[in-house]
Amino acid sequence: MKHSTNQLTRSGRGPARRIGRSLALVLPVVLVLSGTLAVTRVNWSGNPSDSVLTASSEKLAARAAAAPAPQDVLRDQLLLELQKKDPGTALTHLQQAVNGRPSLAKHCTSIARALGRAAVRMYGPSRAQSYARPVCDTSFATGVAAAHS
């Protein structure tokens, strides 16, 4: 009876044991090959201009420097709109932009203040204040007050 129990135990481990043996043979080969490939990608010359990583990071930095940040683009567009139309239209479009792109919310107060300062330069403090509304926690009115004082 002991002999049949021993056969059941061995037959239950058969496929798992074969998979384990296959992994034991294949895994070291995969690790050696991936390590070899990693070593060939390292810049061993000491010259940073030969490095693949350095070249790609330089391209990325140049692209980032060339493209202005979205909040800067929005601020410039709204300042132009304030000059062409009025501060109320610019504030409405600021609120719409923040609603449409929530990542701009953290820049809303600084943009609204810039609009307030520009409105004072164009319209004077009294007329600029008349356009104030609760966009970005009344930051436009804060910008008007800061430019006036």
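For the atom pair CZ of R117 and OG1 of T142, the computed distance is 10.5 Å after rounding to the nearest 0.5 Å. In this structure, OG in S110 is found 7.5 Å from CZ in R75, a value given to the nearest 0.5 Å. A distance of 11.0 Å separates CG of L91 from CD of Q96, quoted to the nearest 0.5 Å. Between the NE2 atom of H93 and the CD atom of Q77 there is a distance of 10.5 Å, given to the nearest 0.5 Å. Note that OG1 of T89 and NZ of K84 are 13.0 Å apart. Values are rounded to the nearest 0.5 Å.
L80 and M122 are members of different hydrophobic clusters when ILVMFWY side chains are connected at heavy-atom separations under 4.5 Å.
Nearest heavy atoms, Q95 versus C136: OE1-N, 4.3 Å. Pairing each heavy atom of V144 with each of P125, the nearest pair is CG1-O, 4.0 Å. For the residue pair V73 and P68, the shortest heavy atom distance occurs at CG2-CG, 3.7 Å. Looking at every heavy atom in both residues, S139 comes nearest to R113 through O-CG, 3.4 Å. Contact record, I111 with L94: CG2-CD1, 3.8 Å, taken as the closest heavy-atom pair. The two atoms that bring A90 and L78 nearest to each other are O-CD2, 3.4 Å, heavy atoms only.
At least one donor-acceptor pair closer than 3.5 Å links the side chain of T92 to the backbone N or O of G88.
Within the structure, every pair that satisfies the ring-ring contact (aromatic ring centres under 6.0 Å, His included) test and touches residues 127-147, not counting sequence neighbours, is listed here: Y123-Y131.
Between P87 and L115, the closest side-chain pair of non-hydrogen atoms is not below 4.5 Å.
Within a 6.0 Å sphere centred on CZ of R133, heavy atoms belonging to other residues, nucleotides or ligands number more than 12.
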